[in-house]
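Here the structure comes first, spelled out in structure tokens, and everything after it is commentary.
Just so it is clear, the values below take in all heavy atoms, side chains as well, and ignore hydrogens, waters and symmetry mates. These numbers were taken from a predicted model, which means no experiment stands behind them.
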Amino acid sequence: MIVVAKEKDIPDICSLLVEMHQSVPLKLPPLAPRKVVAALCHCMQNGRVFLGYKGEKLGGVLGVQEGEHWFSHGKFLADLVFFVSPGARASRIASLLLRSATEYATMRGLPLLMAVVNGEDVERKDKFYARHGFTRIGGVYNRGF
């Protein structure tokens with residue numbers, strides 16, 4: 001089941017994001033809880049945060065927010081966060097979350113930009129996005145994590 005998040009959902013989302021942060025193979029800087037809450041609130045006000053449930057348990061989150069190209073006044077929606085808990089990855093939560101974000105972008109009349117910003121299972125993620133009609137347009141390169 002997919003629902004639109006409300007501010008009351010932020011503690012549950014934060015718990016899921018702690019799991020995400022701990023599961024990334026790179027050594028990331030520590031989470032800043034107030035900054036995470038502020039970013040989620042901003043995303044809720046300037047876009048949508050979708051939650052995917054597996055039964056009663058929160059299994060995934062996808063937040064998209066409006067942005068503007070640095071070189072143009074053209075607007076788009078971009079993901080703030082997209083994470084599905086390892087225990088929910090065998091379900092359809094990722095596809096349902098992405099479909100919800102795509103429908104929201106269509107409703108807003110904006111392109112949707114999604115990013116893969118960690119090096120885990122990149123080929124699988126490329127195939128996932130391709131199955132959902134996305135085209136790869138770039139990459140993220142890291143030196144220092």
Hey, does [Y] have a side-chain heavy atom less than 4.5 Å from the side chain of [X]?
X	Y	value
Val3	Phe50	no
Asp9	Lys6	yes
Thr102	Leu98	yes
Arg99	Ile2	no

Of the non-hydrogen atoms in [X] and [Y], which two are nearest, and what is the gap between them?
X	Y	result
Ile93	Ala88	CD1-CB, 3.8 Å
Cys43	Leu80	CB-CD2, 3.7 Å
Lys54	Gly87	NZ-O, 3.1 Å
Leu97	Gly52	CD2-N, 3.7 Å
Asp79	Ala115	OD1-N, 3.1 Å

Output, in order, the C-alpha distance, side-chain angles, deciding distance and verdict of side-chain contact (heavy atoms from CB on, under 4.5 Å) for Leu17 and Leu40.
-> CA-CA 11 Å; Leu17 297 181; Leu40 289 168; 4.3 Å; yes

Within the distance-only criterion (no hydrogens, no angle test), does the side chain of Arg48 pair as donor or acceptor with the backbone N or O of Ala101 below 3.5 angstrom?
->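 Checked: no pair found.
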
Can you check whether Glu68's main-chain N or O pairs, donor with acceptor, with Ser72's side chain at less than 3.5 Å?
->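 No.
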
Should [X] and [Y] be regarded as members of a common hydrophobic cluster, given that ILVMFWY residues are connected when their side-chain heavy atoms come within less than 4.5 Å of each other, either directly or indirectly?
X	Y	result
Leu58	Ile10	yes
Val37	Met44	yes
Leu96	Leu62	yes
Tyr104	Met114	yes

Take atom CD in Glu123; do more than 12 heavy atoms of anything else shown fall under 6.0 Å from it?
->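 Atom CD in Glu123 is not crowded, with 12 or fewer foreign heavy atoms closer than 6.0 Å.
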
Criterion side-chain contact (heavy atoms from CB on, under 4.5 Å) on Arg108 and Glu66, from CA distance to verdict = CA-CA 10 Å; Arg108 295 281 312 275; Glu66 190 172 306; 2.2 Å; yes

Flag the pair Phe71 / His69 as yes when their ring centroid distance falls below 6.0 Å, and as no otherwise.
->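 Here the rings of His69 and Phe71 have centres that are less than 6.0 Å from each other.
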
What residues form a salt bridge (Lys or Arg N to Asp or Glu O under 4.0 Å) with Arg136, not counting sequence neighbours?
->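 For Arg136, the residues satisfying salt bridge (Lys or Arg N to Asp or Glu O under 4.0 Å) (neighbours in sequence not counted) are Asp126.
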
Plane angle bin for Phe128 and Phe82 - parallel if under 30°, tilted between 30 and 60°, otherwise perpendicular =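 It falls in the tilted class, 30° to 60°.
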
